[in-house]
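Before I ask anything, let me first share the structure, which is written out below as structure tokens.
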Amino acid sequence: MSARTLPLRSLYIFAVVARHGSFKQAADELCVTPQAVSLQIKTLEEQLQLSLFERHPAAISLTAAGEQLLDYVQRGLALLERGISDVQQRQQRLQLRISASPWFAVHCLLPRLPEFEAAHPEWDVLVSTSVRFPDFERQRLDLAIQWGFGQWTFTRKQLLLTDDKLLVCAPSLLQQGKPLSEPAHLAQQRLLCTELSIELWQQLLATLGVDALVERQVLPLDSHAGLVEAAIRGLGVALISVAEARQACADGKLVAPLGDQPISRLNPALMPGYWLVQREGAEQSRPAQALVNWMRGWLKEHPRAARTSLSDP
């Protein structure tokens, strides 16, 4: 028997009859006639092809099959009651839905989120991660923290953290025969990137005046960690966050062939970052604004904080 044809009403009546051991007492509780209860049980037995009760002149008792079924029915009814109660309670609680870039979620938001949840136990905070910009309407989001240049068509957005990049490669790449001592040499190199940073390579090469076929040269990786690993293995040239790139250079894993110069020095517009984007009307949401103010508080101390943006009301 499939879930679509489960006789839930009859199973509930069966549980009531079993609890009372009487059709009449069950009928009194259910506000129906004993005949109606007896008919429901008979119909249920026919549907299940099981004998559930022994009928005696003055009483009824469960059969072995009835006792076994009762255990499942009681547990099932209790689970349904608990599920309905949980859903009702959740509907009565305010929810805050957030989407975050994986790096920001892992390194910034999630480690501190228990602090916010402890301060506001009356709210449910639901966090998802996404590399691409999320669908606010479909996911019913209140806000998102996404990597990019703030190019999205939302009016409420602000830069939280900068993500300046340094052009680096593995020392072994410089020994493979292709020169890499000036920007023009980038036209002969494989360009490592993530899906979202292809545009960054295009803008950087345009700023440098390099005539390159970016679409043919790029090798998109599915994560930042994959990008760093590919660079260390000498698979191409990469644009990596400044602090991480400098540490890898200090460790001898990477080098900066064109000099230790973050790309924002060439053009400030080249510097991406992590942006807070809020849905229209989010300013009316107490949970959303509480979270925004809470994040502003501790992000001010972050070494990559966009300080002028975070000081805005």
Problem - Contact check, side chains of Arg304 and Asp163, non-hydrogen atoms, under 4.5 Å - result: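 Result yes, sub-4.5 Å side-chain heavy-atom pair found.
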
Handout entry: Set of residues satisfying salt bridge (charged side-chain N to carboxylate O under 4.0 Å, His left out) with respect to Arg75, sequence neighbours excluded
Key =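 Arg75 satisfies salt bridge (charged side-chain N to carboxylate O under 4.0 Å, His left out) with Asp71 once adjacent residues are dropped.
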
Exercise for the section: Could you tell me whether the side chains of Asn293 and Gln289 share a donor-acceptor contact shorter than 3.5 Å? Expected result: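 Judged by distance alone, the side chains do not pair up.
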
Practice task
In plain terms, say whether Arg97 and Asp142 are close enough for a salt bridge, that is, a side-chain N and a carboxylate O under 4.0 Å apart.
Solution key: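 No, this pair does not count.
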
Exercise for the section: May I ask you to check whether Glu54 and Thr63 show a side-chain donor-acceptor distance below 3.5 Å? Expected result: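 No, no side-chain donor-acceptor pair sits under 3.5 Å.
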
Exercise for the section: Kindly indicate whether the side chain of Ser22, heavy atoms from C-beta on, has any atom under 4.5 Å from the side chain of Ile60. Expected result: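 When only atoms from C-beta onward are counted, Ile60 and Ser22 do not touch, as no gap falls below 4.5 Å.
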
Problem - Basic-acidic side-chain contact under 4.0 Å: Glu280, Arg156 - result: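 Here Glu280 does not pair with Arg156 in a salt bridge, since their nearest N and O are not under 4.0 Å apart.
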
Exercise for the section: Taking the six-membered ring for Trp and the full ring for Phe, Tyr or His, determine whether the centres of Phe133 and Trp152 are under 6.0 Å apart. Expected result: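 Yes: the rings meet the under 6.0 Å criterion.
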
Problem - Any side-chain heavy-atom pair of Leu161 and Cys108 under 4.5 Å - result: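 Leu161 reaches Cys108 side chain to side chain.
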
Handout entry: Within-4.5 Å side-chain heavy-atom neighbours: Arg265 and Asp164
Key =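 Not touching, per the 4.5 Å side-chain cut-off.
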
Handout entry: Whether Gln139 side chain and Asp135 backbone form a donor-acceptor pair below 3.5 Å
Key =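 Indeed, once roles are kept as given, a pair shorter than 3.5 Å links the two residues.
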
Problem - Sub-4.5 Å side-chain heavy-atom contact between Leu186 and Leu205 - result: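 They are in side-chain contact.
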
Exercise for the section: Indicate, with yes or no, if the rings of Phe149 and Trp275 have centres closer together than 6.0 Å. Expected result: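 Aromatic pair excluded; centres sit 6.0 Å or further apart.
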
Problem - Interatomic distance, Leu77 atom CG to Tyr12 atom OH [nearest 0.5 angstrom] - result: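 Going from the CG atom of Leu77 to the OH atom of Tyr12 covers 8.0 Å.
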
Practice task
Would you mind reporting whether Tyr274 and Leu299 have side-chain heavy atoms less than 4.5 Å apart?
Solution key: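 No, side chains not in contact.
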
Handout entry: Flag side-chain contact, heavy atom, 4.5 Å: Leu192 against Val237
Key =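 SC-SC contact between Leu192 and Val237 ruled out.
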
Problem - salt_bridge(Glu45, Arg55) N-O dist < 4.0 Å - result: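 Judged by the 4.0 Å cut-off on N to carboxylate O distance, Glu45 and Arg55 do form a salt bridge.
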
Exercise for the section: Could you tell me whether the side chains of Gln25 and Glu29 share a donor-acceptor contact shorter than 3.5 Å? Expected result: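 No, because no side-chain N or O of Gln25 sits under 3.5 Å from a partner of the opposite role on Glu29.
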
Handout entry: Partner of Leu258 by side chain to side chain contact (heavy atoms under 4.5 Å, CB included), out of Leu166, Leu167, Val168
Key =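 Single side chain to side chain contact (heavy atoms under 4.5 Å, CB included) partner of Leu258 among Leu166, Leu167, Val168: Leu167.
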
Handout entry: Heavy-atom side-chain contact between Val292 and Arg296 under 4.5 Å
Key =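 Answer yes - side chains close enough.
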
Practice task
Specify the closest pair of heavy atoms between Leu141 and Ser99, including all atoms of both residues, with the distance to one decimal.
Solution key: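 Answer, listing the atom of Leu141 first, then Ser99: CD1-CB, 3.7 Å.
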
Handout entry: ring pair (Phe, Tyr, Trp, His ring centres under 6.0 Å) partners of Trp298, counting only residues at least two apart
Key =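 Result, ring pair (Phe, Tyr, Trp, His ring centres under 6.0 Å) vs Trp298: Trp294.
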
Exercise for the section: Return yes if some donor-acceptor pair links the side-chain N/O of Arg190 with the main-chain N/O of Val218 below 3.5 Å, else return no. Expected result: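 The answer is no, because no donor-acceptor pair under 3.5 Å joins these two groups.
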
Exercise for the section: Keeping the roles fixed (side chain from Ser223, backbone from Gly226), state whether a donor-acceptor pair exists under 3.5 Å. Expected result: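 Checking the backbone N and O of Gly226 against the side chain of Ser223, a donor-acceptor pair under 3.5 Å is found.
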
Handout entry: Check: Gln202/Glu215 side-chain N/O donor and acceptor closer than 3.5 Å
Key =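 Yes, a side-chain donor-acceptor pair sits under 3.5 Å.
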
Practice task
Check whether any side-chain N or O of Ser197 sits under 3.5 Å from a backbone N or O of Leu200 as a donor-acceptor pair, and report yes or no.
Solution key: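 No, because the side chain of Ser197 does not come within donor-acceptor range (under 3.5 Å) of the backbone of Leu200.
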
Handout entry: Salt-bridge present (Glu195, Arg132; N to O < 4.0 Å)
Key =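 Judged by the 4.0 Å cut-off on N to carboxylate O distance, Glu195 and Arg132 do form a salt bridge.
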
Problem - Distance in Å, Ser285 OG paired with Leu96 CG, rounded so as to fall on 0.5 Å steps - result: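 These two atoms lie 6.0 Å from each other.
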
Exercise for the section: For His224 and Thr194, test the side chains for any donor-to-acceptor distance below 3.5 angstrom and give the result as yes or no. Expected result: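 Side chains of His224 and Thr194: no pair found under 3.5 Å.
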
